[in-house]
Structures are given as C-alpha cells and as structure tokens.
Amino acid sequence: MTATASPQTTVLAEQRLAGPARPAKHRLSRKALGWQIGLYALLIVLALIYIYPFLVQVATSFKTDAAAAADPISLTPQPFTWAAYERLFLNSDFPVWFGNSVVVTVFVTAGRVFFNSLAGYALARLQFRGRGLVFAGLVAVMAVPTVVLLIPKFLVINQLGIYDSYAGMILPLLVDAAGVFIMKNFFESIPPSVEEQARIDGAGTFRIFWSVVLPMARPALITIVILSFQGSWNELSHFVISTQSPELTTLTKGVASLASGQLSQGSQFPLKLAAAAIMTIPVAVVFFIFQRRIMNSSEGAVKE
C-alpha cells in the first residue's frame, strides 16, 4: 500500500518549491528595471543635447548685444529685453519677409496636396500606356540632387516670363516627386473593391477619387501637408534663383542675408537668433497639431 500525502505536507511541498523562485523573479525584475532606468537616462541626456541649442537660441534672442557677446551660451538673459523683436517688426523688412513666406507656403501646400494626390491616384489606378515609364522617371527625379536642377529651373522660369514674380515662386513647387510617390503607395494599399460600388452607381473616375478614395487617404494627406508646409516654408535655393526684388524676399532668404551680416553691422546675435526663433514657430505648430492625427489614424486599412 502506498502512503497518501496529507494536505499539510502538500502545502509545505508547494511552498518549498515556490520559495526559491520568488527571489529569482525579484532579481530579474530589478535587473530589467535597472536597464530601463539606464535607457531613460540616456534618452534624457540625448534629448538635452539635442534641445540645448534651441534653448540657447531663444534665450539669446532676449539678451542685449553686449550680454550675448560676453556669454553666448547662457540660458539666463541678463538683462531681459525685447529689443531684438522690436527691431525686427518695427525697424526692418521682417514683416514683408514673413508675409511672402505665408503666401507662398499656403499656396504650395494646398497645390501639393491636390496635385500629388491626383498624380498618385493616376499612377496607382489608371491604366495607360507608359505608366511604368512615368513612374521610373518619378523615381529618377527623386534621386537627382536639388542643386543640379537649379540652373535648368532658372532657365525655364525665365523663358516662361514668370521670373521675379509670385508665379515663379509658387508654380515650380506645386508638385514634388516624393509626395506623388507617397500617395501612389498609399492608394495601392486600398483594395479596388472599395471603388466598385461607386462605379456601379455611375460615378466617374474623378468622382470616385474625390468622394470615395481621397477621404480614406487622410493619413497620407496629413503627411503631405506636414512635408509640404515644412519644405516650402524652409525653401531657400528656389527663391534665390526665382526672385531678386526686395518686395518678394521670403523669410528664409531674408534670414540668410541677416545671418551672413549683409543687413547689419557687428555680431547682432540677438537679432539673428530672434529671426530664426520666429521662423521655427510655424513649422513646430503645424507638426504638433497634426502629429496625433498621423499616429492615431486608421483610415485606409480596409480588409477584403
């Protein structure tokens, strides 16, 4: 006959088996916690290194010229002054530069969202002769450095008679190859069956694009908005070759002239960094407004 273990013996045996595993689990969690703390500490240090120049830029814009020259990397303006911003807005052409940049950026962003999505839909859905060749040319354009196209772009703008005008500043930027590429890939991820019902109801190609497919492409459209706004707001080389009148100077062109010392005497660190800080604000605002929509968007993920 075999002896039957009592309940007390069974409980003691389970506690004896479970006892040594508990400290090992605690040791494992402590080790993982240590790695996590070290990783966060490293990320904080890297973030501080990355953001410190921007903090210096903002702090220096509120300093006097003498204080900025004496201690350029200090984060405490002593004394605190708005003199740089007052000079920018009241005694310079900075408002004109800002207004030109706003006009160009709004039109270019709207144009790129519309034309990039149209071209991307055509390459993704329409069957026409030479579609592969057009796409290959699109990829080839993306591989060409921008500086190589400056002289041909200037010759075309001059030949069309739109040099030194808003048209010359805006029209060449209304479409970009990267935006078309992004929209094409996104439209290809949408099943064609989504468009069949609209086609059965008699909707044309543009109606299907505008009413059915485009609303589903909101994540890609928001991406195009951010990239287009940032690209046109920070554009410099195109405006150098397309304009020469002071009345058409954009913010990037004006700030570049200011930073090079063409428009001021001495170091003028507060003035230059105040202009750079103001130039940074619109891009940061647009990015933070649309960032959550990019991350949380799930449109377009349709399953057949």
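Along the sequence shown, residues carry numbers from 1.
Around atom OH of Y166, more than 12 heavy atoms belonging to other residues, nucleotides or ligands sit under 6.0 Å away. Around atom OH of Y40, no more than 12 heavy atoms belonging to other residues, nucleotides or ligands sit under 6.0 Å away. More than 12 non-hydrogen atoms from other residues, nucleotides or ligands lie less than 6.0 angstrom from CZ of F62. Annotation for L43: atom CG counts as buried by contact number, over 12 foreign heavy atoms lying within 6.0 Å. Heavy-atom neighbours of F206 CZ from other residues, nucleotides or ligands within 6.0 Å: above the threshold of 12.
Proximity of a side-chain donor or acceptor of S74 to a complementary backbone N or O of D71 within less than 3.5 Å is not detected. A donor-acceptor pair is defined here as one N or O able to donate and one able to accept, closer than 3.5 Å; such a pair exists between the side chain of S165 and the backbone of G168. Without hydrogens or angle criteria, S92 side chain to F94 main chain gives a donor-acceptor distance under 3.5 Å. Put simply, the side chain of T249 gets close to the backbone of P246: a donor and an acceptor are under 3.5 Å apart. Distance alone, capped at 3.5 Å, is enough to place a donor-acceptor pair between the S189 side chain and the F186 backbone. No donor-acceptor pair closer than 3.5 Å links the side chain of T81 to the backbone N or O of T64. Remark: the backbone N or O of T205 is not paired with any side-chain donor or acceptor of W210 at under 3.5 angstrom.
Nearest heavy atoms, I224 versus G179: CD1-CA, 3.6 Å. Across all non-hydrogen atoms, the minimal contact from Q57 to A277 is NE2-CA, 3.2 Å. For P172 against A167, the heavy-atom pair with the smallest separation is CD-O, 3.7 Å. The heavy-atom pair separating N116 from D176 by the smallest distance is ND2-OD1, 2.7 Å. Taking all atoms of both residues into account, the shortest heavy-atom contact from S232 to S228 is OG-O, 2.7 Å. The two residues W233 and S101 make their nearest non-hydrogen contact at CZ3-CB, 3.8 Å.
No path of Ile, Leu, Val, Met, Phe, Trp and Tyr side chains, each step under 4.5 Å between heavy atoms, connects L133 with M142, placing them in separate hydrophobic clusters. Criterion: ILVMFWY side-chain heavy atoms under 4.5 Å apart, direct or through other members. Under it, L173 and V240 are not part of a common hydrophobic cluster. Cluster annotation: L236 and I170 are assigned to distinct hydrophobic clusters (Ile/Leu/Val/Met/Phe/Trp/Tyr, side-chain heavy-atom contacts under 4.5 Å, transitive). Put simply, I281 and V225 are part of the same group of oily side chains (I, L, V, M, F, W, Y) that touch within less than 4.5 Å, one to the next. In this structure, L39 is not a member of the same hydrophobic cluster as L48, with clusters built from ILVMFWY side-chain heavy atoms closer than 4.5 Å.
L214 places none of its side-chain heavy atoms less than 4.5 Å from the side chain of Y121. No side-chain heavy atom of F269 sits less than 4.5 Å from a side-chain heavy atom of D65. Using a 4.5 Å cut-off on side-chain heavy atoms (C-beta onward), L126 and R131 make no contact. Side-chain contact between R125 and I190 is present, with at least one heavy-atom pair separated by less than 4.5 Å. Under the 4.5 Å side-chain criterion, counting only non-hydrogen atoms from C-beta, V194 is not in contact with V213. Under the 4.5 Å side-chain criterion, counting only non-hydrogen atoms from C-beta, V175 is not in contact with R112. Taking the side chain as every heavy atom from C-beta outward, Y52 and L75 approach each other to under 4.5 Å. Using a 4.5 Å cut-off on side-chain heavy atoms (C-beta onward), L123 and L138 make contact.
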Original post:
For D164 and S245, what are the C-alpha separation, side-chain angles and deciding distance, and is it a side-chain hydrogen bond (donor to acceptor under 3.5 Å, both in side chains)?
Top reply: CA-CA 7 Å; D164 202 24; S245 300; 2.4 Å; yes
**OP:** For F89 and W97, run ring pair (Phe, Tyr, Trp, His ring centres under 6.0 Å): C-alpha distance rounded to whole Å, both residues' side-chain angles, the deciding distance at 0.1 Å, then the answer.
**Re:** CA-CA 11 Å; F89 285 99; W97 305 344; over 10 Å; no
**OP:** Check the pair M183, E188 against side chain to side chain contact (heavy atoms under 4.5 Å, CB included), reporting the backbone distance first and the verdict last.
**Re:** CA-CA 9 Å; M183 296 305 300; E188 287 179 342; over 6 Å; no
Original post:
Passes ring pair (Phe, Tyr, Trp, His ring centres under 6.0 Å), Y163 versus F154? Steps please.
Top reply: CA-CA 8 Å; Y163 177 75; F154 166 76; 5.7 Å; yes
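With respect to M169, the side chain to side chain contact (heavy atoms under 4.5 Å, CB included) criterion is satisfied by exactly one of T243, V103, I162, V108: T243.
Rounding to the nearest 0.5 angstrom, the gap separating the OG1 atom in T109 from the CG atom in L174 is 10.0 Å. Once rounded to the nearest 0.5 Å, the distance linking CG of D201 with CZ of R207 reads 10.0 Å. Separation of atoms OG1 (T223) and CZ (R218) is listed at 13.0 Å; rounding is to 0.5 Å. To the nearest 0.5 Å, the span separating CD1 on I200 from CD on E195 amounts to 12.0 Å. For the atom pair CD1 (I51) and CG (L55), the distance works out to 5.0 Å, reported to the nearest 0.5 Å. Separating the CD1 atom in I226 from the CG atom in L221 is a distance of 11.5 Å, to the nearest 0.5 Å.
For the pair K184 and F135, the cation-pi test (distance below 6.0 Å, angle within 45°) is passed.
Under 3.5 Å, the side chains of S237 and E235 contain a donor-acceptor pair of N or O atoms. When only modelled atom types and interatomic distance are considered, T250 and N100 share no side-chain donor-acceptor pair under 3.5 Å.
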